[in-house]
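Encoded as structure tokens, the structure appears first; notes follow it.
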Amino acid sequence: MINVTKTYLPSFDEYIAIVKRAWDKSWITNNGELVQELEEKLMQYLGVQHLLFTSNGTLPLQMALKVLGIKKEVITTPFSYVATTNSILWEGAVPVFVDIDPHTLCIDADKIEAAITADTEAIMATHVYGIPCDVEKIEAIAKKHGLKVIYDAAHSFGCTYNGKSLLSYGDISTCSFHATKVFHTGEGGCIIAKDEEVAKQLLLYRSFGHLGDDYYSIGINAKNSELHAAMGLCNLPAIGEIINARKLVYEEYNNRLNLEKIKQPVFSKNADYNYAYYPVIFKTEKILLEVRAVLLKNAVSTRRYFYPSLNQLPFLKNTMSCPVSEDISCRVLALPLFTDLSTEDVSRICAIVNELV
Ligand SMILES: *Cc1c(COP(=O)(O)O)cnc(C)c1O
């Protein structure tokens, strides 16, 4: 079976050599040496000042809303993973969906202002598939209306925009280091804040709101362990190699797929991509379902990433229409993409897809 994704793993011996440092100290969690070293290296790699390693990429979304005091309306994208919307609901705020740009599939910045009300407090957008949102326009709107900007940058590790890491934009950016992501720590993630005071509060939130015997605020447990940090320390030096290997697979698809019949999202010119996904947009949902079924018969799994459009989640109280997102989410499919996907397999997948479109 060819899965839609396959976790990159470092050499076992290399992992054990790093984990042994935690073993020798009998210290495997609570802001240990490996967690601190990983944070230092991540800040260096990403060129950011305040970064915290967390247990996943979902709690940081909730912590971001909490630390910025967001309780009312949050303008957000309908085309993302469900964690984006759920974090808003979990914090008791109200998601207000603004439709996506049909080319980048990110929130359509030109439609944001029309959705702003007296209750709007923040914009939470996703750089979907690592494609940058219109960060300039979003920043200008936020400034004009006094809104906070949070980016769910779960797909954006290794992506740059205008020469800077895509994770350096917004008041807060979050990332996921889940095993299925381009850079991973098994389970894990991070939260990046522009403001030092915000970062200090997030450090408290991550660890129950207290430092030693001093209790400062509410908090949660969003820490991560030395075992996970060790995985990150192994994988980080390989990130260039990982992205390059993914790029070759990506280009192989581009060369072999009949791109006259299949659409793809459009990337910004000033961006470097991490080749996290290979999304294709078919003419109709019917074709998508056929392609998916035939690939599965041939032991190839794909993923409807993202479906449904999040404004159509069944548990939402109010219905909002986002025609572009609803249409695309019915027609978009992620094809397998991982570092050691062979040329033969890509060729086989493309032959099946081309036959059906
Ligand atoms: C993966 C993902 C998350 C959640 O990250 P976890 O580490 O699995 O909690 C959030 N948002 C988006 C867009 C994602 O793809």
Side-chain angles (χ1 to χ4, degrees), residues 3-8 35 38 42 51-66 74 76-91 95 97 100 104-107 122-133 149-159 166-167 169-170 172-192 202 205-206 220-225 227-229 231-232 235 246 265 273-279 302-311 313 325 328-329 332-334 337-338:
N3 245 314
V4 67
T5 182
K6 182 177 155 196
T7 301
Y8 170 89
V35 163
L38 179 63
L42 286 170
L51 173 149
L52 295 170
F53 182 41
T54 55
S55 48
N56 55 57
T58 300
L59 281 169
L61 292 168
Q62 294 167 207
M63 288 158 67
L65 292 162
K66 186 80 85 192
V74 181
T76 189
T77 176
F79 194 71
S80 180
Y81 183 56
V82 69
T84 317
T85 302
N86 274 349
S87 66
I88 297 169
L89 294 169
W90 194 274
E91 289 303 316
F97 295 96
I100 55 172
T104 66
L105 311 191
C106 292
I107 195 165
I123 299 167
M124 184 186 266
T126 302
H127 306 297
V128 75
Y129 309 127
I131 301 171
C133 293
V149 179
I150 301 164
Y151 286 115
D152 181 342
H155 301 170
S156 308
F157 196 91
C159 295
L166 195 45
L167 276 75
Y169 290 87
I172 291 180
S173 271
T174 66
C175 195
S176 166
F177 302 156
H178 184 256
T180 55
K181 307 294 208 258
V182 169
F183 168 76
H184 81 90
T185 59
E187 287 278 357
C190 72
I191 185 161
I192 294 162
L202 287 169
Y205 279 179
R206 184 177 69 170
I220 197 155
N221 182 0
K223 292 178 274 99
N224 211 334
S225 80
L227 311 181
H228 294 84
M231 181 63 85
N235 287 341
R246 303 183 75 101
Y273 184 38
N274 62 5
Y275 307 93
Y277 302 95
Y278 198 91
T302 55
R303 187 142 182 234
R304 297 192 76 178
Y305 214 49
F306 294 97
Y307 174 87
S309 184
L310 296 171
N311 59 302
L313 287 170
S325 176
I328 300 240
S329 63
V332 68
L333 191 68
L337 176 54
F338 44 87

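Whatever order the structure lists ligands and atoms in, that order sets their numbers, starting from 1.
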Does [X], backbone or side chain, put an N or O under 3.5 Å from an N or O of ligand 1?
{"X": "H178", "result": "no"}
{"X": "H155", "result": "yes"}
{"X": "T126", "result": "no"}
{"X": "Y277", "result": "no"}
{"X": "F306", "result": "no"}

Q. When the ring centroid of F306 is compared with that of H155, is the distance short of 6.0 Å?
A. yes

Q: Taking the six-membered ring for Trp and the single ring otherwise, decide whether the centroids of Y129 and Y273 are under 6.0 Å apart.
A: no

Contacting atoms of ligand 1, where contact means under 4.0 angstrom from a heavy atom of [X]:
{"X": "A83", "result": "10 (C)"}
{"X": "T58", "result": "4 (C), 5 (O), 6 (P), 9 (O)"}
{"X": "G57", "result": "5 (O), 6 (P), 7 (O), 9 (O)"}
{"X": "G188", "result": "7 (O)"}

In terms of residue, atom name and distance, what is the protein heavy atom nearest to [atom]?
{"atom": "atom 11 (N) of ligand 1", "result": "D152 OD2, 2.7 Å"}
{"atom": "atom 1 (C) of ligand 1", "result": "K181 NZ, 1.7 Å"}
{"atom": "atom 3 (C) of ligand 1", "result": "Y81 CD2, 3.8 Å"}

Q. Can you tell which part of F79 has a heavy atom less than 4.0 Å from ligand 1: side chain, backbone, both or neither?
A. neither

Q.
Tell me whether ligand 1 is touched by E187 - counting only heavy atoms on the residue side and a distance under 4.0 Å.
A. no

Q.
Using heavy atoms and a 4.0 Å limit, tell me yes or no: is S80 in contact with ligand 1?
A. yes

